[in-house]
Amino acid sequence: MGQLIGEFSHSMDAKGRVKLPSVWEAELGGKFMVTRGTGPMLFIFSMPQWEIFCQKLAELPMMDPSAQALRRIFGAGARECEVDKQGRFLIPQKLREHAHLEKETVLAGAFTWGEIWNAQAWEEYNNQYADTAGEDFMQLMSTVTQKFSL
């Protein structure tokens, strides 16, 4: 499986359509899933990654209230999207409201999924984490590099 990487700024039209980054087209294909994210943004999954994500959610204990909440949040918000002939896809109104999407959006890669952000919220998020030399970031990076012997 490929990866969804990069940062792309795209304007959303009045109908709620956004251009899919052309470098993501091969990974996502003509159909993919969009659902609520873990904050004011949306997740984009290829169909194979969506199946993996759903399987992981299904493995959580059914009677655990937190697991139930996760299933509801991601399941109720999920919509299958298709790319039109102009390379755009429609973001359903409920999902646009969840992510506070307006005209200017950012599509950001997170390797196994993509994210759709309101451009201003993305900028604020980036400013918050701009210091990649911070102690927390360096500790996490140390863990990653040790795990893979980098």
Got a donor-acceptor contact below 3.5 angstrom from the Arg88 side chain to the Lys85 backbone? no

Under the side chain to side chain donor-acceptor pair (under 3.5 Å) test, which residues partner Arg17, sequence neighbours left out? Asp13

Beyond-backbone contact of Met33 with Met47, side-chain heavy atoms, under 4.5 angstrom: yes

Just how far is it from atom CD of Gln55 to atom CD of Glu51, taken to the nearest 0.5 Å? 9.0 Å

Applying side-chain contact (heavy atoms from CB on, under 4.5 Å), run through Phe111 and Ile5 and close with a yes or a no. CA-CA 6 Å; Phe111 297 101; Ile5 57 174; 3.8 Å; yes

State, to 0.1 Å, how close Ala99 and Leu42 come at their nearest heavy-atom pair, and which atoms those are. CB-CG, 3.8 Å

Give, for atom CD1 of Ile44 and atom SG of Cys81, the distance between the pair rounded to the nearest 0.5 Å. 8.0 Å

Would one find more than 12 heavy atoms of other residues, nucleotides or ligands at under 6.0 Å from atom CD of Glu123? no

To the closest 0.5 Å, what do you measure between CG (Asp84) and CD (Glu82)? 10.0 Å

If you apply the rule side-chain contact (heavy atoms from CB on, under 4.5 Å), what do you find for Leu20 with Glu25, and how did you get there? CA-CA 7 Å; Leu20 185 69; Glu25 287 179 24; 3.8 Å; yes

Please tell me whether Val18 and Val34 are part of a single hydrophobic cluster in this structure, the criterion being side-chain heavy atoms less than 4.5 Å apart. yes

When rounded to the nearest 0.5 angstrom, what is the spacing between CD in Glu27 and OG1 in Thr112? 9.5 Å

With a 3.5 Å distance limit and no angle check, can you tell me whether His98 reaches the backbone of Gly77 through a side-chain donor-acceptor pair? no

Please report the shortest heavy-atom distance between Arg96 and Met12, naming the atom on each side. CD-SD, 3.4 Å

Which word best sums up how the rings of Trp50 and Phe45 line up, parallel for under 30°, tilted for 30 to 60°, or perpendicular for over 60°? tilted

Are Ile73 and Ile116 connected into the same hydrophobic cluster when the rule is that any two of I, L, V, M, F, W, Y join if their side-chain heavy atoms are below 4.5 Å apart? no

Taking all non-hydrogen atoms of both residues into account, name the closest pair between Ala67 and Pro61 and its distance. CB-O, 3.4 Å

Hydrophobic clustering (ILVMFWY, side-chain heavy atoms < 4.5 Å, transitive) - are Phe8 and Leu90 grouped together? no

Interatomic distance, Ile91 atom CD1 to Lys15 atom NZ [nearest 0.5 angstrom]: 15.0 Å

Arg71 (side chain) donor-acceptor with Leu57 (main chain) under 3.5 angstrom: yes

How about Arg79 and Thr35: do any of their side-chain heavy atoms sit closer than 4.5 Å? no

With sequence neighbours left out, the residues meeting side chain to side chain donor-acceptor pair (under 3.5 Å) with Trp122 are Glu7

Let me see the working for Glu124 and Gln120 under side-chain hydrogen bond (donor to acceptor under 3.5 Å, both in side chains), right down to the final yes or no. CA-CA 6 Å; Glu124 290 169 7; Gln120 184 178 350; 3.2 Å; yes

Hey, quick one: are Leu28 and Phe43 part of the same hydrophobic cluster, counting side-chain heavy atoms closer than 4.5 Å, chains of contacts allowed? no

Distance from Lys19 atom NZ to Ser9 atom OG, nearest 0.5 Å? 14.0 Å

Return the minimal non-hydrogen interatomic distance between Trp24 and Glu115, and the atom names on each side. CH2-N, 4.4 Å

Between His10 and Leu107, which heavy-atom pair has the shortest distance, and what is it? CD2-CD1, 4.0 Å

When you group the ILVMFWY residues by side-chain heavy-atom contacts below 4.5 Å and let the links chain together, are Val23 and Val83 in the same group? yes

With sequence neighbours left out, write down each residue that passes side chain to side chain donor-acceptor pair (under 3.5 Å) with Glu104, or none if nothing qualifies. Ser11

Using the six-membered ring wherever Trp is involved, compare the ring planes of Phe53 and Phe74 and label them parallel, tilted or perpendicular (cut-offs 30° and 60°). perpendicular

